[in-house]
Amino acid sequence: MSEAVAIYSTLSKQKEPVTPGPEGVVRIYACGPTVYGRVHIGNARPYIVFSVLKRFLERRGMRTLFVSNLTDVNDKIYVAAREQGISSSELAENCSEAYVEDTDRLGLGRPDLEPRVTESMPEIIDVIQTLVDKGLAYAAGGDVYFRVDRFARYGALSGRDLDEMVSNEPGEGKENPLDFALWKGRKPDEDTWWESPWGDGRPGWHIECSAMSVTALGRDFEIHGGGLDLAFPHHENEIAQSEGATDERMAQIWMHNEMLELSGDKMSKSVGNIALLHEVLDEWPAEVVLAYFLRAHYRSKLPFSDAHLADAAEVCERIRNGARAIDRAMGSPGEATNPQLARALVAARRDFYAALDDDFGTPGAFAALFDLIRAINQAVEGDRPTAGQLQEVRRELVEMLDVFGLAGLAKGEGAVPAEVIDLLAEREAARDARDFERADVARDQILELGFELRDTPEGPQVYPR
RNA sequence: GGCGACGUGGCGAAGCUGGCUAACGCGGCGGUCUGCAAAACCGUUAUUCGCGGGUUCGAGUCCCGCCGUCGCCUCCA
């Protein structure tokens, strides 16, 4: 393994080394969803990218603390709840549960903390108070706004010049149209609100992340992530709030994932028929969805379609067959170590981690994985490795797959039903009698029972499909 | 209009601190294995990286222009 993990930062526009913070922990904050409906497939990208990043850093021997929030107070939630005729808190609660449920199905584990806005009100009010005290924010007609022209670095993340920016966001009491809301006074048609020094109301969209990140991770944490679409204004505003309040850097690396291209014929944002994550997971196994996302670099736009998922399914199948080849060979291993396989294992391991070290290059890591798979297949067909070598290769393969949450692809298959065993025997008898018609009937019956038959040097094998 | 990203084979996708024969996967084609398949293996599938210039001994990789696609521009992951 090389010495350093580097990640591209949107702020510095270059790759920067990931250096663990105090107590050797890499602290990661990634903006989570606003819960006003079931999350769509695009929302899954940051969840997957940052969850897998955490898994990778830990495999690399680092300790991590990964925090991803749920925004459960927001204009969209009020609107959606009104449309559905339920209270906004009920909608937010339902959608929060659904989000956890849907993303759980990806099998990547949960972030270490998933704070919610509704549970972070004291911290939020605290940060706002600090900003008001420091003259960086002001109350106006029940609202509180951030004075953008008091924060010199405003625009640094998104490369915007304050003088050239135009705002069309309403706000009666604003000093400057570009000032953004930290606190919004209660409106008559809003059914949830909190008390504050500036009157009843609720937090603005950006302040929650400043408050929750500093509460959970402290100042100057290592990685702040989210979708690229959040860079402006959300992250720009977070920086202004957090750094304005603490006079310290908010985060070292600003890591943004590119967007999914959801503009295919079958769906469009304007039509609102974007595939929902849970629907996709009803159609495809989690491994397929993970392979689909991870085969592309996180900073690349990624087109979404059934054809792409079908492609990812083939990718998974090839990996699965590689693991099966090892297991099959274990039944009749060789006498000596296979040197080609030994070399391939070293190379795959090196290339896999080198690719990830360099700006989380998951596509390159996949390439390394496939190089290993080919070497495995070659070895199983050629000079059979020893059982010990097979075991070692299997262990390493599973370890790499596990970084991506794909270890399930190398899981041994479950027991084969007696019915299938009987048919298998029947087919063998038929083949011995050279009655291939009967043999093929048995094979078709096995297929109907959900198993695929493959003849191998070790005799016929059946695999679930 | 402003800011930014990107255009690599039939498809997806690496490479882009310039220099071995342009990774890897899917698909196609030919072969091996098989009774036939499936899986796997072997070979093949871009003299070429949107187009046009330039810099350089040398560029997909740097610079300029053009064409095209996309994201953001005050609450979209």
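Per chain, numbering begins at 1; letters A, B, ... match sequence-line order. All of these numbers come straight from a predicted model, not from anything done at the bench.
Put simply, NE2 on A/His224 is 13 Å from P on B/rA77, counting in whole angstrom units. Between A/Asn69 atom CG and B/rA77 atom C1' there is a gap of 11 Å when expressed in whole angstrom units. When rounded to the nearest whole Å, the span between CG of A/Leu260 and C1' of B/rA5 equals 16 Å. Atom-to-atom, CG of A/Leu53 to P of B/rA77 comes out at 20 Å; the value is rounded to the nearest Å. In this entry the distance linking CZ of A/Arg438 with P of B/rA37 reads 21 Å, nearest Å. Regarding A/Trp254, its CH2 atom lies at a distance of 20 Å from the C1' atom of B/rA5, rounded to whole Å. Taking atom CG of residue A/Asp383 and atom P of nucleotide B/rC41, one finds them 16 Å apart after rounding to whole Å. We find that CD of A/Gln461 is positioned 16 Å from C1' of B/rA37, with the value rounded to whole Å.
For A/Glu428, the salt bridge (charged side-chain N to carboxylate O under 4.0 Å, His left out) partners at least two apart in sequence or on another chain are A/Arg431.
Out of B/rC76, B/rA77, B/rC72, the shortest distance to the side chain of A/Lys76 is found at B/rC76. Each of B/rC36, B/rA77, B/rA40 was ranked by its minimum atom distance to the side chain of A/Met259; first place goes to B/rA77. Checked against B/rA37, B/rU74, B/rC41, the side chain of A/Gln378 finds its nearest nucleotide in B/rC41. In this structure, of B/rA77, B/rC36, B/rA39, it is B/rC36 that holds the atom nearest to the side chain of A/Asp455.
Nucleotides B/rG12 and B/rA39 have their C1' atoms positioned 23 Å apart, rounded to a whole Å. When the C1' atom is used for both B/rA23 and B/rU55, the distance is 28 Å, rounded to whole Å. Separating the C1' atom of B/rA14 from that of B/rC6 is a span of 15 Å, rounded to the nearest Å. Taking the C1' atoms as reference points, B/rG58 lies 14 Å from B/rC20, given to the whole Å. Here, B/rG25 and B/rC41 have their P atoms 9 Å apart, quoted to the whole Å. For the C1' atom pair drawn from B/rU56 and B/rG18, the interatomic distance equals 9 Å after rounding to whole Å. Going from the C1' atom of B/rG9 to that of B/rA5 covers 23 Å, rounded to whole Å. With both ends at atom P, the span from B/rG43 to B/rC16 equals 26 Å, rounded to whole Å.
In terms of position on RNA chain B, the residue among A/Ala375 and A/Phe180 whose nearest nucleotide sits closer to the 5' end is A/Ala375. Looking at which nucleotide of RNA chain B each of A/Gly159 and A/Asp75 is closest to, the 5′-most match is held by A/Gly159.
Distances shorter than 4.0 Å separate some side-chain N or O of A/Asn377 from OP1 or OP2 on B/rC41. At least one side-chain nitrogen or oxygen of A/Asn321 sits closer than 4.0 Å to the OP1 or OP2 atom of B/rA40.
With salt bridges taken as basic N to acidic carboxylate O contacts below 4.0 Å, none links A/Lys15 and A/Asp357. A salt bridge links A/Asp371 with A/Arg374: the distance from a Lys NZ or Arg NE/NH1/NH2 to an Asp or Glu carboxylate oxygen falls below 4.0 Å. A/Glu236 has no carboxylate O lying under 4.0 Å from a charged side-chain N of A/Arg160, or vice versa, which leaves the two without a salt bridge. Taking the charged nitrogens against the carboxylate oxygens, A/Glu458 and A/Arg384 do have a contact shorter than 4.0 Å, which makes a salt bridge. Salt bridge annotation for A/Arg324-A/Asp327: absent, with no cationic side-chain nitrogen under 4.0 angstrom from a carboxylate oxygen. The existence of a salt bridge linking A/Arg465 and A/Glu317 is excluded, since no basic side-chain nitrogen approaches an acidic carboxylate oxygen closer than 4.0 Å. Between A/Arg427 and A/Asp455, at least one side-chain N (NZ, or NE/NH1/NH2) sits under 4.0 Å from a carboxylate O, which counts as a salt bridge.
Residue A/Leu228 is out of contact with every strand shown, counting any heavy-atom pair closer than 4.0 Å. Among the heavy atoms of the strands lying under 4.0 Å from A/Leu453 is at least one base atom, whether or not backbone atoms are also near. A/Arg465 comes within 4.0 angstrom of nothing in the nucleic acid, heavy atoms only. Residue contacts for A/Gly42: at a heavy-atom cut-off of 4.0 Å it reaches a base atom on one of the strands shown.
Residues A/Tyr78 and A/Thr192 are in side-chain contact: their nearest non-hydrogen atoms beyond the backbone lie under 4.5 Å apart. Looking at A/Tyr47 and A/Leu277, their side chains never come closer than 4.5 Å, going by heavy atoms from C-beta outward.
A ring-ring contact (aromatic ring centres under 6.0 Å, His included) with A/Phe352 is found for one member of A/Phe366, A/Phe404, A/Phe56 and no other, namely A/Phe404.
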In B/S/- notation (B base, S sugar-phosphate only, - none; protein heavy atoms under 4.0 Å), nucleotides 11-27 of chain B written 5' to 3' is -BSS--------BSBSS
Assess whether side chain to side chain contact (heavy atoms under 4.5 Å, CB included) is satisfied between A/Arg105 and A/Val289, documenting all intermediate values.
CA-CA 10 Å; A/Arg105 290 174 66 183; A/Val289 176; over 6 Å; no
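A donor-acceptor contact under 3.5 Å is formed by the side chain of A/Arg443 with the base of B/rA37.
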For RNA chain B, what is the dot-bracket line, given that a base pair needs Watson-Crick (N1 to N3, plus N6-O4 or O6-N4) or G-U wobble (N1-O2 and O6-N3) geometry with both distances under 3.5 Å, and | means paired with another strand?
((((((((.[[[..)...(....]]]((((((.......))))))....[[[[[..)....]]]]])))))))....
